[in-house]
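Model, not experiment: these values are computed from the prediction.
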Amino acid sequence: MRCAVVGNGGILRGSGRGEDIDDHDLVFRVNGAVTRGFESDVGTKTSFYGFTTNTLKGSLKRYRRHGFTQVPQGPETRYIFIPANLRDYVMMASAVRRHSVPTGVDAGDRPWRYFGNGSQENFRMLHPDFISYLTDSFLKSPLLTNSRTRQLYMPSTGALTLLAALHTCDQVSAYGFITRNYASFSTHYYDPTMTPLRFYSNHDLRMESRLWEELHRLNLLHLYTRKH
């Protein structure tokens, strides 16, 4: 099974990779997964949408002006909850039961606003032990040794989704992920003007970039790159 995992990196703007992406058996997308107006670069198919409740809501707020007005929906789309904290379990339970969120910061929220009225089979969750292994071992960052950043650090949503795909698919291609020449591209492919990538202490994108290059070198995935 051939899978494409599509990040939001500006390297995809003008790439013309849309048909290649949609030609895969499964297509994974994350965060502000804008497709309308960028079909020739990023395709249209969405088999899985990966997120934490925080990134889902944050993306809908931050990228609405760029066209991200709802998460991908369709009969072929499934949703992967990434358990960053209790909030994700509560939201998923409500989505599966088709109930409003009963408690917590999302109390009163209606999951069908985001996911439609799909069946229970539409929802998945990454196992918390998988998240712990990736965070504490496989993607162990120097940020974990700093008392200030240790509580903030978590692998990026894109990294967790890409590694989940590597555990699921026979062949994986990664599009829109950070590469060593990231400064040549905007942060997102849908940015209306050039916006340099900023690094925050909750993710270690440079470390993730080195990993994608190494996995590409070992032919364990195909990483889309370009010079400019």
Query - Check: Arg65 side chain, Arg62 main-chain N or O, donor-acceptor pair, under 3.5 Å - result: yes
Query raised in the report: Do His66 and Phe68 have ring centres separated by under 6.0 Å?
Result: no
Query raised in the report: Going through the checks in order, is the side-chain contact (heavy atoms from CB on, under 4.5 Å) test met by Val34 and Tyr189?
Result: CA-CA 9 Å; Val34 179; Tyr189 59 82; 4.2 Å; yes
Query raised in the report: Can you name the closest pair of heavy atoms from Gln73 and Arg113 and give their distance?
Result: NE2-O, 4.0 Å
Requested in this report: List the atom of Cys169, the atom of Val172, and the distance in Å for their closest heavy-atom pair.
Outcome: CB-CG2, 3.9 Å
Report task. Measure the shortest side-chain to side-chain distance between Tyr175 and Ile21 over non-hydrogen atoms and say whether it is less than 4.5 angstrom. Result -> yes
Report task. Treat each ILVMFWY residue as a node, draw an edge where side-chain heavy atoms are under 4.5 Å apart, and state whether Phe51 and Val96 are in one component. Result -> yes
Query raised in the report: Any side-chain heavy atom of His188 within less than 4.5 Å of one from Thr195?
Result: no
Query raised in the report: Within a reach of under 6.0 Å around CD of Glu214, are more than 12 heavy atoms found that belong to other residues, nucleotides or ligands?
Result: yes
Report task. Could you state whether Val71 and Val90 fall into the same hydrophobic cluster, counting links through intermediate Ile, Leu, Val, Met, Phe, Trp or Tyr residues with side-chain heavy atoms under 4.5 angstrom apart? Result -> yes
Query - N-O pairing of Arg2 and Asp23 below 4.0 Å - result: yes
Query raised in the report: With under 30° as parallel and over 60° as perpendicular, where do the rings of Phe81 and Phe123 fit, or are they tilted in between?
Result: tilted
Query - Leu12 vs Val6, side-chain contact (heavy atoms from CB on, under 4.5 Å): CA-CA, chis, key distance, verdict - result: CA-CA 9 Å; Leu12 283 174; Val6 185; 3.8 Å; yes
Query - Glu213/Arg210 ion pair, N-O < 4.0 Å - result: no
Query - Donor-acceptor under 3.5 Å (Lys45 side chain, His24 main chain) - result: yes
**Report entry** Side-chain touch Leu215/Leu166, heavy atoms, less than 4.5 angstrom
**Finding:** yes
**Report entry** Arg13 side chain near Asp191 side chain, heavy-atom distance below 4.5 Å
**Finding:** no
Query raised in the report: So, Asp41 side chain and Gly14 main chain: donor-acceptor pair closer than 3.5 Å or not?
Result: yes
Query raised in the report: Can Phe115 be reached from Tyr89 by stepping across I, L, V, M, F, W or Y side chains whose heavy atoms are under 4.5 Å apart?
Result: yes
**Report entry** Set of residues satisfying ring pair (Phe, Tyr, Trp, His ring centres under 6.0 Å) with respect to Phe48, sequence neighbours excluded
**Finding:** Phe28
Requested in this report: Would you mind reporting whether Arg226 and Ile11 have side-chain heavy atoms less than 4.5 Å apart?
Outcome: yes
Query - Same apolar cluster (I L V M F W Y, side chains within < 4.5 Å links), Leu162/Ile82 - result: yes
**Report entry** In one Ile/Leu/Val/Met/Phe/Trp/Tyr side-chain cluster, 4.5 Å: Ile80, Met1
**Finding:** yes
Query raised in the report: Looking only at atom types and distance, does a side-chain atom of Ser47 sit under 3.5 Å from a main-chain N or O of Val27, one as donor and one as acceptor?
Result: yes
Report task. Report yes or no: does Asp88 contribute a side-chain atom to a donor-acceptor pair with the main-chain N or O of Asn85 at less than 3.5 Å? Result -> yes
**Report entry** Note, Leu126 side chain near Pro83 side chain (heavy atom, < 4.5 Å)
**Finding:** yes
Query raised in the report: Is there side-chain contact between Ser209 and Tyr182, with heavy atoms separated by less than 4.5 Å?
Result: no
Query raised in the report: Does atom CZ of Arg97 have more than 12 heavy-atom neighbours, drawn from other residues, nucleotides or ligands, at distances under 6.0 Å?
Result: no
Requested in this report: Determine yes or no for a side-chain-to-main-chain donor-acceptor pair under 3.5 angstrom, with Thr77 supplying the side chain and Thr46 the backbone.
Outcome: yes
Query - Test applied, side chain to side chain contact (heavy atoms under 4.5 Å, CB included); reference residue, Arg29; option that passes from Val42, Val5, Thr161 - result: Val42
Query raised in the report: Less than 4.5 Å apart, any side-chain heavy atom of Glu208 and any of Trp212?
Result: yes
Query raised in the report: Does the gap between the ring centers of Tyr114 and Tyr79 come in under 6.0 Å?
Result: no
